[in-house]
Structure formats: structure tokens, C-alpha cells
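Counting convention: from 1, in listed order, for ligands and their atoms alike. Start at 1 with the first residue, then count along the sequence.
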Amino acid sequence: MQKKTHNAHSPETLAAQALGWIDEDSGAVVPPLHLSTTFERAPDNSFPSGRSYARADSPAFNQAEALLAALEGGTEAMVFASGMAAATCVFLSLAPGDHIVAPQVMYWALRDWLAKASHLEVSFVGSNTADFQQALIPGRTRLVWIETPANPLWDITDIEAVARLAHQAGAQVAVDSTVATPVFTRPLALGADIVMHSATKYLNGHSDVVAGALITGENSDFWQKLKALRVQFGSIPGPFECYLLARGMRTLYPRVRLAAANALALARRLGNHPKIAQVLYPGLPEFPGHEIAARQMQGGFGGMLSIRVRGGEDAAIAAAAKLRLWKRATSLGGVESLVEHRASVEGPDSPCPRDLLRLSVGIENVDDLYADLAQALG
Ligand SMILES: Cc1ncc(COP(=O)(O)O)c(C=O)c1O
């Protein structure tokens, strides 16, 4: 693979050309699928390709990882078999008894896993800087986990302020930036040490790949530990998933910008609908985290919003049942719009209100999307 470095160009240019890599052998502008699990050793016993075995060093990872590192402004990236594999790798790198701080409002399956992770002492906190500050134990807290906007209430956390406090206390900072994407937020530039993505969502964008990613600002000892763990756990994506991920990222910027423009337009219109009690969207001026989001998110507020339906849980589920265009399905970040009653998924410990529907806004015509919601709400 011949690398054409375009690092002076803007992120949308880097993404559209997937860094402009050309396959040396064929001249192809799309990389070949590398399926080999093993790599030849030279007579002198060395590995001239720098690779020995695909669990450690598959060339299938390279383009997606290099592009992700470039888009997040990091030094290196690692792709994983899923977002959960990426996130749990970070927590499993910590020592037994380590203290961590994580938000109460965050991706529910990870919160559930953390609550049961017996090797760690976890303080779950609100999304404000003061909440994180109170929970930090200087010298003992090893990691602060941030998710912003946070699923499914879209709480906003000030990455820069929390990272400063966390570093003063001697803790590392990791940010689940799945919903913000590098299109709107670059956590490393705001002081985070690690960025995590469920690449299943916007990065791939077509609901046909399960994958995850970590990106680092520095090639630190912590990063080296995470790299070793990925090899040991074997939590790697297959070559076809890597190929689809790199392909999906080529359209990341136009997809995500259009989804966010649709989400903002829907949030504004739904706010006036008589059947809706509340719209939760960081782009609305009345949303509690709006000011921080406006500073921290460049050029948009993301494609995710939630609505609280008048009449409670039954009314919310009944409205979702009447949708024709929106698909009732879990997940988010694809080009098609999805709706989900999150409380049904998250169970009794969920901070999610029972009357809430989560909307993952796609790139369809926004009038079509609104009309379907309006007819379903009645
Ligand atoms: C914000 C967020 N983080 C992490 C994950 C987990 O990612 P995956 O499903 O790829 O394991 C999800 C999945 O829904 C998510 O929404």
C-alpha cells in the first residue's frame, strides 16, 4: 500500500479519499481485502512485513485506523470487534481496586457492565463538572469516563473542564464520542487521553458492521497496555468489517451533517407539537447543556434526540407502533431513521423516563420524517 499523505487537508477531504491511499500492486483507489491470517518469515528469521499473525497486526486494520487517528487528531488508533470490546478493554486494563468515575447517564449496557465489574470501584455521577469534581479522589482515581452527548437523555459534559480536574487528580480521561463523532467534537484537542467509538454507529453509518475503536493522543504506557490487551483478548474486527468501516467513513461528514440538520429541524418542530411534553436535544437553546455543547461541538449538535410523549409509557409505545417510515429498532447512526422506547430496553435501573422515545435521525427528507411522526402522534 502506497500512502499518499494529505495531512494538510481538511478532515472532510481526508475522509472522502480515506487518506488517498493507492494500492501499489494494482493502482486501485480502493484497498484490497487482506484475508491472510499469517505472514511470511524471511530466511534470516525476521518478518520483513513487520507482521507475523493477524490477531496482532492485520493489514486489514490499517486504513480505518490511520483515517480515524487523522480525523480525531490522534497519534494512533485501534479498531475492535465492537464498541463494547473497545470500551471494556480500557476498563480491563485497570488494576483490581482502582477507582473510576463514570456518568449515570451513559450507554446502558456499558453502565450495567461497569456496575457489576467487581474488580473496580466505580462512582457514578451526574453530567456536570462539579459532579465529576466531587467524585474524584486525588491519587486514587485512575480513570474518568465521559460520554457526551450521553445516551439517551443527551446530557452534555464539559470535556475540557473535567479533563483538567481529572489530570490534576492523577486520572486518565476517556471519552465515548460515538454520538458527537469527529465531525462535531475532537475530545483529544480538549484534553482527553483516549477517544472511544462504537464504530457500529456513525463511523460506519450503514447499519451493516459491528465494530469499535479507540484513539490515543499519545503513545503512552497506558496505550501500550491497551494494545497488548487487544492482542491477548483477540477482540479484533474481521477484514470485511474493516473494509466496510473504511468505506463508510468516506461519507462520514456529509452523512453526519445532514442527520444533524434533520435532527435540529425536527427538534424545533416537535417542540410545538401538542402531544409532546418535552424534546431533549443539545441544539435547543433551552436544553440545560446547550451552552457547553455550542462551545464544544463545532458546527452541529448531532443526529440524536429524544421526545417525551404526553400520556406516558403507553402513549409513547402506541405512537411508535403507528410509525410507517421510521423503523422500530435499536442502535443509531445509520442513514435510516430509527425509533426506540429505551426504558423497555434498559430495565428498572435505567435513568430513562418511561414516556421517552429515542430518535436516531437519518438522512431522509426531513418533511417525510416529520409527517410520519405527526401522523403517529395523532
Ligand atoms: C454511545 C454508545 N457507546 C457504546 C456502544 C456499544 O457499541 P457496540 O454496540 O458497537 O458494542 C453503543 C451501542 O449502542 C453506544 O450507543
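With rounding to the nearest 0.5 angstrom, the CG atom of Asn128 is 7.5 Å from the OG1 atom of Thr157. Within the model, atoms CE of Met297 and OG1 of Thr185 stand 4.5 Å from one another, a figure rounded to the nearest 0.5 Å.
Below 3.5 Å of separation, one finds an N or O of Gly83 facing an N or O of ligand 1.
Applying the 4.0 Å criterion to heavy atoms of Leu332 picks out, from ligand 1, the atoms 16 (O). For ligand 1, the atoms closer than 4.0 angstrom to any heavy atom of Asn151 are 1 (C), 16 (O). Close approach of ligand 1 to Ala211 (heavy-atom distance below 4.0 Å) involves ligand atoms 10 (O). Distances below 4.0 Å separate heavy atoms of Ser82 from the following atoms of ligand 1: 10 (O), 11 (O). Ligand 1 places these atoms under 4.0 Å from at least one heavy atom of Glu147: 1 (C).
The proximity of Ala109 to ligand 1, defined as any non-hydrogen pair under 4.0 Å, does not occur for either the backbone or the side chain. When heavy-atom distances to ligand 1 are checked against a 4.0 Å cut-off, Lys201 comes that close only through its side chain, counted from C-beta outward.
Using a 4.0 Å heavy-atom cutoff, Ala87 is absent from the residues neighbouring ligand 1.
Residues Cys242 and His34 are not in side-chain contact: their nearest non-hydrogen atoms beyond the backbone lie 4.5 Å or more apart.
In this structure, the protein non-hydrogen atom closest to atom 3 (N) of ligand 1 is Asp176 OD2, 2.7 Å. Taking atom 6 (C) of ligand 1 as the reference point, the nearest protein heavy-atom neighbour is Tyr107 CE2, 3.4 Å. What sits closest to atom 10 (O) of ligand 1 on the protein, heavy atoms only, is Thr200 OG1, 2.6 Å. Protein heavy atom in closest approach to atom 11 (O) of ligand 1: Met84 N, 2.8 Å.
Within the structure, the salt bridge (charged side-chain N to carboxylate O under 4.0 Å, His left out) test picks out no pair touching residues 318-333 (sequence neighbours left out). Legend: ring pair (Phe, Tyr, Trp, His ring centres under 6.0 Å) pairs involving residues 134-184, not counting sequence neighbours, sorted by first then second residue: Phe91-Trp145.
Of the candidates Ile215, Asp176, Ile146, Val90, Met196 forms a side chain to side chain contact (heavy atoms under 4.5 Å, CB included) with just one, namely Asp176.
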